[in-house]
Protein chains: 2
Amino acid sequence: MSLRATYVRAPDRRAQDLIDACARALARHGAGGVSVRTICADAGVSPGLLRHYFEGIDDLVAATYAHVGAAVADALDAAVAAAGPDPRARLAAYVNASFRPPIATQDLLSTWLAFWSLVKSDPAIAALHRDIYAGYRVALEALLLDAGMAAADVGQAAIAITALVDGLWLELSLDAGVFGAEEAAAIAARWLSVWLPE
Amino acid sequence: MSLRATYVRAPDRRAQDLIDACARALARHGAGGVSVRTICADAGVSPGLLRHYFEGIDDLVAATYAHVGAAVADALDAAVAAAGPDPRARLAAYVNASFRPPIATQDLLSTWLAFWSLVKSDPAIAALHRDIYAGYRVALEALLLDAGMAAADVGQAAIAITALVDGLWLELSLDAGVFGAEEAAAIAARWLSVWLPE
DNA sequence: CCCCTTGTTGCACAACTGTATAATCTTGTC
DNA sequence: GACAAGATTATACAGTTGTGCAACAAGGGG
C-alpha cells in the first residue's frame, strides 16, 4: 500500500528541465534565492533528482550560465547572419540584437544579473564568465575590424561598447520603467558611431 | 566559575562596526555569502548583538547600502566642489571621480555589485536603489544643465552616462586585469564629450 | 507474465540560518 | 563599595540547506 506519487520517466529532457527551472529561479529570486527544493518543485521533480543529473546545485547553476550564455551568443550570431554581407550592417546588428528579444527580456537580463553576482564568489562561474565574455569580445573585435577599424583601436572599442551594453542591460533590468529597449538601442548605436564614424 | 569571554563596551560605534563588516562580507562573498555569524565574527562581536542594533540582517544590509551610497555621493560632491566654478570642469570632475578612490576600489565596486544583485528580490534595497540612483541622476542632470546642455536632452544624457559608468564599474569589478580605472575614466570622458561637445 | 535496469520519490542527516533571550559582565553614579 | 542600567555573550530553537541513499515504480525485453 504505497502513498508514493506516480511519475513518468523523461530522462531525455530532465537536465534541461532543471536548467530552465534554475534560470527562472535566478531571474525571479536572484542568486541568493535559489535552492534545490525551489528549482525541483518548479521543474516538477523530486529534490533528490538534481543530484542524479548534476554534481550539485552549483554545477546546475554553472550549466545554466553556459546554456544562457550560448543562447545569447546564438542570438547575436543569428542577427549578424541576417544582416547580410555589409560589415557595418553586421556590426550594427550585433549591437542592436542586445536590445531585442530573445536577449532584452526581463527574465534573461535578471538571470544575467544573477550570474554577475556570482562571479566573485564562485570559481566555476568566474571561469565561465571569462570564457563567455572573451567569446563576445572576440566576435565584436572581428566585426569592428571587418567594418574598417584600425587594429590598434579594436581592443578599447570592444571594452567600451561591451561596458555600455552591460550598463544598459543593468539599467533595463533594475529600472524597467525609466526607459526601454528602443532607447537603449539608440544610445548604443550612438556610442558605436563614436567608435566607428561614417 | 564563568567561561564567558570578557569584553569592552563600545555602543557608540557598534552599529558602524557591523555596517563596515557587512560591507566587507558583501564585497568578499557577494550577497549570498553574508550571514549573521560571518558579519559578527568579522566585527568582533557575538552573533546575538546584531539584533540589538538592527531589526535583522536585512535591515543591516539596507543600512550598509545607505551608508555606502552616501559615501559615494559625498565623494562625487567633493570632487565637484574641488573642481572650482567652471560648469564643464565640475561635470567632468563628477564623472571622473567615479573612477578614482574612494569609489573605484575593488571592495566598493564589489559591494555595489552585491547591492545590484539584491534589487530584484529585496523591496527595501529596491527602494534604496531607486532613491540613491535618483539622487545621482538629479545631480548629474543639474551639472549637465549648468554646462549648457538643452533641457530636453539632459534626461537621456544622464541615463546614457550613468549606464556607461555602471557598465565600466561592472567590468572593473569583474575583470580587474583586462583594463584599469585610468582607461575607464578616458572612455567615460569620451562619452561625456559626445553628449556635450566643446 | 517475469525479470532486470534505471529513473525517480521521499526522506534522513548534518550543518547552517536568523531570531530570541537568559544570564552575566562592564561601567558609571552615588 | 553597592547598585543599576544596559551592552554583550552564548546558546536554544525552529526552520532551511545540500547531499546521500534506500526503496520503489516505470518500462523495455524476453
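Just so we're clear, the structure is a prediction, and the values are computed from it rather than from any experiment. Reminder, nothing fancy here: chain letters follow the sequence lines and each chain counts from 1.
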Interatomic distance where CZ belongs to A/R37 and P belongs to C/dG10 [whole Å]: 13 Å
Touch class at under 4.0 angstrom, heavy-atom based, for A/G56 against every strand present: sugar-phosphate
Length of the CG-P vector between A/D58 and D/dT17, whole Å: 14 Å
Value in whole Å for how far the P atom of D/dT9 lies from CG of B/L50: 12 Å
d(CG, B/L49; P, C/dT19) in whole Å: 14 Å
From C/dT8, C/dT17, D/dT8, nucleotide with atom closest to B/P11 side chain: D/dT8
Listed nucleotide nearest any side-chain atom of A/A10, set D/dT19, C/dT8, D/dT9: C/dT8
Note: B/D107-B/R24 ion pair, threshold 4.0 Å (strictly below): no
More than 12 heavy atoms from other groups under 6.0 Å of CD on A/E55: no
Under 3.5 Å donor-acceptor pair, B/S46 side-chain atoms to D/dA10 base atoms: yes
Heavy-atom side-chain proximity of A/E182 to A/F99 below 4.5 angstrom: no
Touch class at under 4.0 angstrom, heavy-atom based, for A/I57 against every strand present: sugar-phosphate
Which nucleotide in D/dT19, C/dT9, C/dC25 has an atom nearest any side-chain atom of B/R4: C/dC25
Sugar-phosphate only, base, or nothing, as touched by B/R14 at under 4.0 Å among non-hydrogen atoms: sugar-phosphate
Worked verdict on B/W195 versus B/L144 for side chain to side chain contact (heavy atoms under 4.5 Å, CB included): CA-CA 9 Å; B/W195 295 89; B/L144 288 165; 5.6 Å; no
B/H52 NE2 to C/dC25 P, straight-line distance once rounded to whole Å: 18 Å
Position toward the 5' end of DNA chain C (nearest nucleotide), A/V45 or B/V36: A/V45
Candidates D/dA7, C/dG10, D/dA10 - which lies nearest the side chain of B/A5: D/dA10
Sugar-phosphate only, base, or nothing, as touched by A/Y53 at under 4.0 Å among non-hydrogen atoms: sugar-phosphate
B/Y7 side chain, from C-beta outward: closest of C/dT17, C/dT24, C/dA12: C/dT24
Distance in angstrom units between A/D17 CG and C/dT9 P, rounded: 11 Å
Euclidean distance, atom CZ of residue B/F54 to atom C1' of D/dT8 [Å, nearest integer]: 16 Å
Whether B/W169 and B/W112 hold their rings parallel, tilted or perpendicular, with breakpoints at 30° and 60°: perpendicular
B/S35 side chain near C/dT17 phosphate (N/O to OP1/OP2, under 4.0 Å): yes
Comparing A/G44 and B/G48 on DNA chain C - which has the more 5′ nearest nucleotide: A/G44
